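On a predicted model such as this, the values are computed, not experimentally measured, just so you know.
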Amino acid sequence: MTPASLAAASTPHVPGHVVDAQDAALAFDPASYTPITVTIDGQPVNLRYYKEICYVADPVAAAPQQPGLGGTTTIQNTRCGYESMNVFVPESAFGDQRAPIYFAVNNGGWMASYIRPSITEGASYSSATSNVGAALKAGYVLVDVANRSRGLVGADGSSPGKAPAAAVDAKAAVRYLRLNDAAMPGSAERIVVNGTSGGGALASILGASGNDREYDPYLAAIGAAGIDAAGRSTLRDDVFAVDAYCPITDLGNADTAYEWLYTVLGTRDATGQNPQPADAATIAAKFAAYENGLGLRNPDGSPLTAATMLDTIKKEVVRSAETYLRADPARTIPALGEDFVITSPGPGGGTTTSYVNDWLDVDNAADTVRAVDMTNYLKFVATQQALKTTPAFDAVGVHGNTTSGTETNLFGPSTRTYMNYTEFGWDHNDVAGDGSGLDDTGLTWKQYTARKSTTVDDQVHLIDPMDFIGSTAADTAPNWYVRAGTRDRDTSFTVSINLDRALAADPQVRDVNYQLAWNQPHAGNYDVPEAMAWIAKVVGKAGNPPAAGNLP
Ligand code: DHB
């Protein structure tokens with residue numbers, strides 16, 4: 001529907017930015033919306049819905065049949081369904097150039113994310129439990145972003161979603177918002193990126209790597225906004241804030257971190273989940289050099305090393321439990337010998353299981369933790385949900401494994417289904433003809449990645465926020481809210497702890513709000529009022545954004 005009063009399409013306008021033909025093709029049309037009405041906290045709210053905006057000039061064509069997570073899906077928008085975004089403007093933000101933009105990424109499972117229906121006419125939200133409802137109620141412009149990633153099948157049968165495609169697409173979407181900032185409600189200087197798990201990882205790399213020139217060739221290839229004829233960037237893609245849950249990130253080191261965590265106190269053995277003990281030990285043995293090499297410090301200034309990591313995790317668990325207790329006087333945590341009663345989501349209300357508390361000694365009257373038994377804590381984590389295999393993240397091709405769904409297919413050339421991206425995976429690949437490993441290349445991982453022509457180590461690098469936080473080549477977001485659950489076994493607790501410590505050490509970062517979320521599994525957006533209060537705080541502190549423009 002196109003109201004007559006808004007019929008004139010706008011031209012993008014960013015002061016100092018030369019609009020070339022490609023950018024002109026990416027102009028936002030303020031009139032091209034559908035009015036819809038939703039209910040938030042029982043009140044009707046009118047929205048302007050800008051549907052499936054293709055945010056690049058040269059999208060990658062997708063095959064109509066996509067394997068996806070839950071079986072094959074037939075998609076309608078083969079032209080740009082993986083590089084589009086839905087924009088929702090609540091009535092309180094009509095004509096408001098200063099409203100924050102709540103930028104939701106998907107990337108669940110690190111899988112390609114087709115444009116989702118997002119918000120539909122008549123939908124009903126509670127702002128206490130729905131981040132979508134809360135963002136709209138707060139008057140934020142909501143942008144729901146699709147992206148290429150692993151699993152995507154191109155129209156030519158190739159795999160065009162390999163790393164760093166997801167990060168490149170997210171940057172392209174940010175650049176679209178910057179190009180069109182004057183024509184769109186909301187401020188591209190107040191983009192808050194929200195994502196969970198694979199999405200938390202995507203939010204983190206987007207937030208960490210702002211304006212880094214390493215992405216320019218990839219951005220040029222998809223016709224992203226603000227890339228000139230010489231392939232140089234003329235627009236910025238840094239963001240204001242990141243709101244990330246359980247980020248599955250630092251993939252190049254995730255296996256090492258995982259095996260270290262679940263072997264250092266014997267968790268795999270104690271829970272009967274150590275089918276590859278020699279591999280687990282070999283992979284875990286690399287953790288100390290990796291962790292110590294990061295050179296990170298804890299908030300009290302003490303070095304964060306492999307030797308201090310267990311104590312660091314323990315302190316984070318204590319802080320998590322005490323924060324939970326102190327937030328509400330009515331809250332208690334089961335005493336030693338009592339049960340943790342955990343309901344996991346599922347059909348018909350899910351399943352409820354009880355686990356005896358043999359690890360956390362809490363004083364509910366004082367809202368304090370007396371002691372944590374780390375051995376039993378990790379056993380609890382690994383019992384309430386089974387551990388991943390060894391290796392956890394780069395398992396395809398290893399010891400003849402051709403079936404695993406781990407992140408191995410996020411890497412390699414688009415002509416290959418997968419490529420090992422860790423030293424262990426590569427050096428233990430024995431699937432002939434898959435292009436990975438000594439058997440196919442005649443090269444060990446060290447020899448292979450020493451070659452300048454190798455792309456797989458670049459792919460790992462370009463989706464790892466740890467490589468960009470603290471780097472002067474990148475403009476890292478100044479504000480970060482990061483959560484991982486105390487029951488999350490999908491990646492090692494060290495991943496989000498390292499992310500937090502690296503952010504805290506980056507002079508570009510002003511506000512880092514990190515915690516393990518008490519008794520949460522691998523999940524996100526469970527703390528909507530708290531997360532939204534933090535966003536409102538950092539937005540308020542920053543003051544009014546400048547007028548739309550390409551700021552220095
Ligand atoms: C997600 C979960 C994983 O265990 C993983 O390895 C990658 C992504 C997710 O939930 O998005």
Query raised in the report: Could you walk me through whether Asn298 and Thr312 pass the side-chain hydrogen bond (donor to acceptor under 3.5 Å, both in side chains) check?
Result: CA-CA 8 Å; Asn298 277 318; Thr312 297; 2.9 Å; yes
Mind checking whether [X] and [Y] have side chains closer than 4.5 Å, heavy atoms only?
X      : Y      : answer
Val482 : Leu499 : yes
Val242 : Phe103 : no
Lys388 : Arg489 : yes
Asn357 : Asp339 : no
Phe340 : Gln384 : no
Trp260 : Glu291 : no

Query raised in the report: So His399 and Phe424, would you call those rings parallel, tilted or perpendicular, with 30° and 60° as cut-offs?
Result: perpendicular
**Report entry** Cation-pi geometry met for Arg116 and Tyr114 (6.0 Å, 45°)
**Finding:** no
Report task. Please determine if Arg190 forms a cation-pi arrangement with Phe240, meaning its NZ or CZ atom is less than 6.0 Å from the six-membered ring centre and no more than 45° off the ring axis. Result -> yes
Query - salt bridge (Lys or Arg N to Asp or Glu O under 4.0 Å) assessment of Asp363 paired with Arg370 - result: CA-CA 7 Å; Asp363 181 342; Arg370 294 191 195 96; 3.7 Å; yes
Requested in this report: For Asp269, enumerate each residue passing the side-chain contact (heavy atoms from CB on, under 4.5 Å) test, keeping only those at least two apart in sequence or located in another chain.
Outcome: Asn274
Report task. Would you please indicate if the ring centroids of Tyr526 and Tyr245 are separated by under 6.0 Å? Result -> yes
**Report entry** Ring-ring centroid check His461 Tyr421, cutoff 6.0 Å
**Finding:** no
Query - side chain to side chain contact (heavy atoms under 4.5 Å, CB included) partner of Val398, chosen from Asn420, Asp427, Asn429 - result: Asn420
